[in-house]
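Written out below as structure tokens is the structure these notes cover.
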Amino acid sequence: MSDPFKRPFEPAPPAPAPGGIAARARGAQRAAYLEGLNPEQREAVETLDGPVLVLAGAGTGKTRVLTTRIAHILSLGRARASEILAVTFTNKAAREMKHRIGAMVGEAVEGMPWLGTFHSIGAKILRRHAELVNLKPDFTILDVDDQIRLLKQLIAAADIDEKRWPGRLLATQIDGWKNRGLTPDQVPAGEGAVFGNGRGRDLYAAYQARLKTLNAADFGDLLLETIRLFREHPAVLAQYQARFKYILVDEYQDTNVAQYLWLRLLAQRPSAATSTSPRRGEVDAPSASGEGGPASPSQTLSPPHPTSALRANVDLSPRGRGEAVPAAMPNPPHAPPKNICCVGDDDQSIYGWRGAEVDNILRFDHDFPGAKVIRLERNYRSTAHILGAASHLIAHNEGRLGKTLRSEGEAGEKVVVSSSWDSEEEARAIGEEIEQLQRRGHRLDEIAILVRASFQMREIEDRFVTLGLPYRVIGGPRFYERAEIRDAMAYLRLVNQPADDLAFERIVNVPKRGLGDAALQSLHDLARARGVPLLEAARAMSTSEAVKPKPRAALRDLVAAFDRWRAQRDTLPHTELAEIVLDESGYTEMWQKDRSADAAGRLENLKELVRSMEDFENLQGFLEHVSLVMDTDRGEDLDAVSIMTLHAAKGLEFDTVFLPGWEEGLLPHQRSLDENGRAGLEEERRLAHVGITRARKNARISFVSNRRIHGSWSSSLPSRFLDELPEQHVEVLEAKGGFAGYGNAYGSRFDTTAAFGSSYTTPGWRRAQKNRGGFEEDPHEYSQVEPEEPTGRMRDIGSRRPPAGGGNGTFKTSTARSTPGFAAPSANGTPARRAPVTIEGELVARSTGAPSAFATGDRVFHQKFGYGRVRAVDGNKLTIQFDKAGEKKVVDSFLNKA
DNA sequence: TTTCCCCTGGTTTTT
DNA sequence: CCAGGGGAAA
């Protein structure tokens, strides 16, 4: 038994008693995977009994602990793979865990059927018992568009002004209620009355009823309905309680109330719950009982949570949602909680705004009495300077459990703080610096730019396009969220399931068939009158004399097409069927005719969709996958700089990280401050902390003095977080712009800037208190004062023109930007070209001499700007008159001949 | 029914 | 400033 892990998971030997001889004997031999763990990690892996909370700071080996723990459980024979419940938030995390466990234990990862996201596991359970919650096992999982369309109909039906009360808002509201585990009858009356003149709660109830009719569930239902299932059917619950011997939860700080309740139900011992009635302990949940009875009105406010011994500081619990937060873990003393292990980091809780309750993690030892808390504080990622800066910053938060990250590495370089006049200059500075790094051999895919808000990306992208610097935007509209993909999916759904009315509504008139609102309305009426799906109603109407000839023909063709496709469903391979559907429906043609910039990209996406179907056995399997897994990792192995939001960066790491836009109002985001006060501020601080801790070697923070907000310019103040960085770990670069009082205004604690005679000498946060919004001014006024850049490489007078002057930066962004189709830019690994010298926006010189393959007058296509014609050629720099985006100067590697 | 223009609002985003 | 949605004209 030299390598016991080559053995498949199942069948596992019967679970021996803890500490049994066999286990110990095996354990002694199998300690290989435990090697290389530090003592805390090892403790986290080996403490198998009872509740465990692992507080894992950034870069401390969280995933490793989780995966090793699973391997450990399996190898000790404590449980079979199918008896372990392991939940993550994202599919990506689930995939990664599967992968790593597989690497550690052998091939048989498929033997972990209960490793997945909360939602996918919820769906799995729900399908098994669908009848018990008034669904059929093949229920549809709604996407957001469907949801909103449905809500709009309900709002209209209730005769509520849809303008004042948009469907989207109600969707958000309902989502919020579901996140908090509230069924319609549990929504506090006051809150339920906010929407639509007191009708919010009724609409929610109507929506739920409608979902049942449609045999559909939305994302929230995957959790909430499972909870309801468990509450109303204790025998079912008991079955799962008995099955899951070990529960592991990743990113516990991100769990919302519904997820918490879900876990809590599963984490109870099965014994008591096998009885037919809900347990006493359940009473403290938001619902009075599991029997669907209304929550007692007196429950709208619960007492403040008992202070947790775990918690170092006072709770901030901000959002006034106390009523939704359940009280303690209900396990009576005789039934200790099961073996649940939650891993998380309260300092990385950045999703409060979408329902995550930091409180869940802060309260863990109270919820799970006798919990063992293990802190992982040894960071293997970042240098001491970076960690020092991050730790000191986050220490300003009060609502935290408290950890101190220690670096296991060298001191490295200090965190660099710099400033720019405006965001255009900031983008330029970043671009320049990256070129420099590139010249020194720094890989581009080890560089990331992390922004607070996505609008910040635009100028950076713009700059990179000009420089020919390859980049990729992470996040943004995901593949399956693109309109063309959803349309295609709707066609396929309807082929698969002719009763899918929401899919029908989506595509009746896409492409345009002359079937507008009027036609749809009469279809609805007929469908309702006869109690048939819309497609059937369409069939009836297509032969009815009452319908005008034109729409009648359109309906006839549509119905015939679906009949045809459905007949082909069982005879043709599903990929082929998909192609046929897309072509015969005229959908492909619609985009082919479309001359807009992103049409080509959309067609490409459709091809990609069909290609991705190959991985599935049949249409059914594919559709199930897509509704749950909304991301495709179309990993591009291009060496490119990553640009993303701070939120999207969680869990990632890079050698060098740029953090632009650290200004009051943007990094502590104004809205966060306004809406959530101190708790909001603390979440913003965690965001800043997440940003810094993404860096392994270099972190470069910057802020600007002037920012354009909604079109008009206003001066901005440096972020208060800058003042919270410890001096000894930070190097402040002198502002290049040199406008005393602005770029250098910040940093009362940094000598470097004092010489500039800042008028702001109070700490940044206090500065921010007074007179926010600043005053407006024209940066142009100062342009003459601008000294030459220290590098002397570039004199960019052009950028000093008032940015409002238009011309530059007025292009239309398209969704294609997340897949910039770089024609393998030559920048790859080659010595970076110098930045072009520009005067008044004119390109006068350029350092690459390579002649361009394009000539004046050529028709070209650009991924971002669309089609255009070459106006002028200057080496590899071309001036293009784009059809839509206007005149631009672009590097030729970004162009294709059209 | 479609198209065009006006109006509004404009962090973050998974499932 | 600028994108997306909704209402009014063609």
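Within every chain, numbering begins at 1; the chains are lettered A, B, ... in the order of the sequence lines, protein sequences first and strands thereafter.
- The side chain of T645(A) has dT13(B) as its nearest neighbour among dT11(B), dT13(B), dT1(B).
- Closest to the K512(A) side chain, of the nucleotides dT2(B), dT15(B), dT1(B), is dT2(B).
- The distance from atom CD1 of I155(A) to atom P of dG6(C) is 11 Å, rounded to the nearest whole Å.
- Taking only side-chain atoms of K152(A), from C-beta outward, the nucleotide of dG6(C), dT13(B), dT15(B) with the closest atom is dG6(C).
- Residues M644(A) and V473(A) are not in side-chain contact: their nearest non-hydrogen atoms beyond the backbone lie 4.5 Å or more apart.
- A distance below 6.0 Å separates the ring centres of Y351(A) and W353(A).
- Contacts of D254(A) with the nucleic acid, taken as non-hydrogen atoms under 4.0 Å apart, are absent.
- Between the side chains of Q153(A) and E505(A), a donor-acceptor pair is found at a separation under 3.5 Å.
- The shortest distance between the side-chain N/O atoms of S454(A) and the OP1/OP2 oxygens of dT12(B) is below 4.0 Å.
- Phosphate contact (OP1/OP2 of dT15(B), side-chain N/O of S120(A), threshold under 4.0 Å): absent.
- Spacing between atom CD of E162(A) and atom C1' of dG4(C) amounts to 15 Å, rounded to whole angstrom units.
- dT13(B) and dC2(C) are spaced 22 Å apart, taking the C1' atom of each and rounding to whole Å.
- Taking only side-chain nitrogens and oxygens, N509(A) never comes nearer than 4.0 Å to OP1 or OP2 of dT1(B).
- Considering only heavy atoms from C-beta on, C342(A) stays 4.5 Å or farther from I361(A) through its side chain.
- When the options T255(A), T226(A), I227(A), L223(A) are evaluated for a side-chain contact (heavy atoms from CB on, under 4.5 Å) with L261(A), the one that passes is I227(A).
- Distance from the side chain of K163(A) is smallest to dG6(C) among dG10(B), dG6(C), dT13(B).
- When distances run from any side-chain atom of R458(A) to the nucleotides dT13(B), dT11(B), dC2(C), the shortest one goes to dC2(C).
- For K548(A) and dT1(B), the shortest distance from a side-chain N or O to OP1 or OP2 is not below 4.0 Å.
- Considering only side-chain atoms of A519(A), the nucleotide from dT15(B), dT1(B), dG10(B) that sits closest is dT1(B).
- When rounded to the nearest whole Å, the span between CZ of R168(A) and C1' of dG9(B) equals 13 Å.
- Using a 4.0 Å heavy-atom criterion, one finds that K124(A) contacts no nucleic acid atom at all.
- Between the CG atom of L646(A) and the C1' atom of dT14(B) there is a distance of 17 Å, given to the nearest Å.
- Side-chain rings of H689(A) and F721(A) stay apart, their centers remaining 6.0 Å or farther from each other.
- Counting only heavy atoms from C-beta on, A518(A) has its side chain closest to dT1(B) among dC2(C), dT11(B), dT1(B).
- For I350(A) and dT12(B), the CD1 to C1' distance is 8 Å, given to the nearest whole Å.
- The nucleotide whose nearest atom lies closest to any side-chain atom of A453(A) is, among dT15(B), dT12(B), dA3(C), dT12(B).
- In this structure, of dT1(B), dT11(B), dT13(B), it is dT11(B) that holds the atom nearest to the side chain of H669(A).
- Across the protein-nucleic acid pair, N676(A) atom CG and dT12(B) atom P stand 16 Å apart, rounded to whole Å.
- Stacking annotation: H710(A) is stacked on the base of dG10(B) (ring centroids less than 5.5 angstrom apart, interplanar angle below 30 degrees).
- Aromatic stacking of H119(A) on dT15(B): not satisfied for centres closer than 5.5 Å together with planes under 30 degrees.
- For the pair L515(A) and R671(A), both in contact range of DNA chain B, the more 5′-proximal nearest nucleotide belongs to L515(A).
- In this structure, W353(A) packs face-to-face on the six-membered ring of dT12(B), meeting both the 5.5 Å centre cutoff and the 30° plane limit.
- Across the protein-nucleic acid pair, E481(A) atom CD and dT15(B) atom P stand 9 Å apart, rounded to whole Å.
- Nucleic acid contact for E684(A): base, since at least one base atom lies under 4.0 Å from a heavy atom of the residue.
- Listed pair R354(A) / dT13(B) fails the phosphate criterion, with no side-chain N or O lying under 4.0 Å from OP1 or OP2.
- The CH2-C1' distance, from W165(A) to dG6(C), rounds to 18 Å in whole Å.
- Residues L520(A) and F89(A) both approach DNA chain B. Their nearest nucleotides, taken by heavy-atom distance, put L520(A) toward the 5′ side.
- When each of E225(A), Q173(A), Q208(A) is checked for a side-chain hydrogen bond (donor to acceptor under 3.5 Å, both in side chains) with K178(A), only Q208(A) meets the rule.
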